[in-house]
Every structure is written in C-alpha cells, then in structure tokens.
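Whatever order the structure lists ligands and atoms in, that order sets their numbers, starting from 1. Quick caveat: nothing in here was measured; it's all calculated off a predicted structure.
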Amino acid sequence: MTTAILSAFAQEQTGLIELLERPERVQRAGRYFWRGHLQGQPVVLALSKLGKVAAATTATTVIEAFGAKQLVFTGVAGGVGPGVQVGDVVLATDFVQHDMDCSPLFPRYEIPLYGQSRFACDAALNAHLLIAAQQALVGLGADFDAQLHADLPRVHQGLIASGDRFVSSATEVAALVQGLTQAGHPPLAVEMEGAAVAQVCHDYGVPFAAVRTISDRADDSAHVDFNAFVRDTASRYAVGIVLGFLDGIPTA
Ligand code: ADE
C-alpha cells in the first residue's frame, strides 16, 4: 500500500530522497515525483509547491497517477496558538481555510456545497504520527532547544488554518486568529496547503494526516525566522518524523 509523503519545500524533502531505496524519478503535472521504498514501505515523495491550488494538484496526482492509499504532509507552519513556539510540532486534528469567505451566501469559512468548514485528519494515522513526532523531538530537542526557546520542544494537537497568504505581521495574525476564534475555529498554526490536501483526500476517501514544525510566529519577523528554520532545521525534523511514522505503521 503506497504512502504519499508530501512536503512544501525541496529542503524538507532532500533528506528523504537521499534515504530512498530503489529510487525512481517520474515527471507528471509539471512536478517530479520520487517512487521507492523507505523503511521497507512503498512510498511516493512529492512536493506540494506553495499554496492551496498547487497542493491540490499534487494531492490529486499522487492519488490518481501513483495509487497512493494514504497521504502524510510534513512541513513548517507559523505558530499562532497560545504556547505554540518555534521548534514545537503541531499535529493537525483538522483543517480550515482562513481565506474562505463566501458570505452572505454561506457562513464565513464554510466550504460552499460541502456544508462544512473543517476537514478532519485520520485518527489512526494521527496516532502513529504522534508517537513518531514525540520520539523525533526527544532525539532532536536536545540539539535545538537552546537555539529556539528555553523550554523543550512540544507536540501540540489541534486545528490548523490554511490560506494563500504568508502571514507576517502581528496585526494580520491577530485579526486572523480573532476571526477564526469568534466563528468557533481557534487555530494552533497557519500554513498554505494542508486544508486543500485535506479536502482532496476527503473527496477521494483517502486517509490524510499532517504534521508541521513551527518555523515562526507569523509576526513581523516571520520571514527571517522562516528562512533560517527551513534551511537549518526543517529537513531534520521531517526525516525523523517520517521514518518513525513508517516504522510504526503496518506493512501491507
Ligand atoms: N508557513 C510557515 N510559516 C508561515 C506563515 N507565517 N504563514 C503562512 N505559512 C507559513
């Protein structure tokens, strides 16, 4: 059973490609996909690119063309929930699109014609990802806690908000969190792809899970923190979590 591992940036994917057994690079839909095995499991590695539409294309292609039966997204996100700090990990329970607003035709944040605002992640995949993320943080936390923040990195579980915007100011993030919270959707983190992949997986009935390492606080210094984090740290987190996850799931 093929598992698709999606990443937003090449830096997050490189470490996994290096470990791929019997790697095969395939071009499709203007992207490169890497087929092979990791920890004995058949996988396809793919870059989502940035934003919801690009991510939806990648998700659809791994399902339709590569036969992926489950999808896992690893990447970075801006921490917006209380206590969600740089270096922490957020395991998504579900996703909302913070830039979806078809009001007054539909309630703000509701996906038109789906009758829902949130798409849930798969509970069984999440159980494996949680263990993998916790184990990865034990291994990596000692290296990173001094650089990133005073506390040991933590795994949080909750709602992630996606939208086609890199959130990079204190005013912007405050308005975004306030709007979502007032509508009953308080987010822990923001990024730009997860909700799109969750919706595609919902459409196909394919289990989906996502884990995001916090690279910034979506505030005025977000772009500085983000670039340094993706370059220095994100790839190590992604490799640790994905390998642990694949070790934990049953072989089919
Ligand atoms: N991914 C990582 N940081 C982000 C931010 N601040 N806004 C949107 N996506 C992100």
Side-chain angles (χ1 to χ4, degrees), residues 5-14 46-56 58-59 72-101 109 118-119 121 133 137 140 144 147-149 153-181 185-199 208-238 241:
I5 310 288
L6 269 50
S7 322
F9 288 96
Q11 292 96 323
E12 297 164 332
Q13 196 194 41
T14 311
L47 288 183
S48 65
K49 302 195 180 183
L50 300 195
K52 298 197 301 293
V53 174
T58 302
V72 172
F73 201 114
T74 68
V76 295
V80 301
V84 181
Q85 304 194 60
V86 173
D88 286 355
V89 168
V90 175
L91 178 63
T93 50
D94 47 1
F95 280 94
V96 64
Q97 293 185 27
H98 65 70
D99 54 357
M100 174 56 77
D101 188 354
Y109 306 115
R118 300 190 189 192
F119 290 94
C121 294
L137 281 192
L140 296 171
F144 297 130
Q147 301 170 30
L148 299 172
H149 55 75
R154 290 176 50 200
V155 182
H156 307 261
Q157 294 182 73
L159 178 68
I160 296 184
S162 310
D164 288 323
R165 208 161 76 199
F166 185 79
V167 183
S168 58
S169 90
T171 357
E172 191 182 350
V173 74
L176 189 151
V177 169
Q178 189 192 29
L180 282 168
T181 304
H185 308 300
L188 291 185
V190 288
E191 39 83 302
M192 301 178 64
E193 298 83 22
V197 179
Q199 188 173 334
F208 170 61
V211 67
R212 293 272 187 170
T213 307
I214 300 304
S215 55
D216 58 80
R217 284 282 307 173
D219 55 13
D220 300 71
S221 62
H223 60 292
V224 182
D225 299 341
F226 174 86
N227 284 323
F229 193 91
V230 169
R231 187 187 61 231
D232 302 334
T233 313
S235 144
R236 298 169 68 181
Y237 269 85
I241 294 173

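Rounding to the nearest 0.5 Å places CG of D94 at 5.0 Å from CG of L159. Between the SG atom in C121 and the CG atom in L91 there is a gap of 7.5 Å [rounded to 0.5 Å]. Distance check, rounded to the nearest 0.5 Å: OG of S162 to CE of M100 gives 11.5 Å. Atom OG1 of T233 and atom CD of Q11 lie 11.5 Å apart (nearest 0.5 Å). Here the CD1-OG1 distance, from I160 to T93, works out to 8.0 Å after rounding to the nearest 0.5 Å.
Nearest to atom 7 (N) of ligand 1 among the protein's heavy atoms is V167 N, 2.9 Å. Nearest to atom 3 (N) of ligand 1 among the protein's heavy atoms is D216 OD2, 2.7 Å. Protein heavy atom closest to atom 4 (C) of ligand 1, with residue, atom name and distance, is F166 CE1, 3.4 Å. Regarding atom 10 (C) of ligand 1, its nearest protein heavy-atom neighbour is V190 O, 3.7 Å. Atom 9 (N) of ligand 1 has its closest protein heavy atom at E191 CA, 3.4 Å.
The shortest heavy-atom distance from A77 to ligand 1 is under 4.0 Å. Under a 4.0 angstrom heavy-atom cut-off, R165 registers as being in contact with ligand 1.
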Step-by-step salt bridge (Lys or Arg N to Asp or Glu O under 4.0 Å) determination, E193 to R212 = CA-CA 11 Å; E193 298 83 22; R212 293 272 187 170; 2.9 Å; yes
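Shown in contact with A218 at under 4.0 Å from a heavy atom are these atoms of ligand 1, numbered in order with element: 6 (N). Ligand 1 places these atoms under 4.0 Å from at least one heavy atom of S215: 2 (C), 3 (N). Every atom of ligand 1 is numbered from 1 in the order shown, and the set under 4.0 Å from a heavy atom of M192 is 8 (C), 9 (N).
By the 4.5 Å heavy-atom criterion applied to side chains, M192 and R165 are not counted as neighbours.
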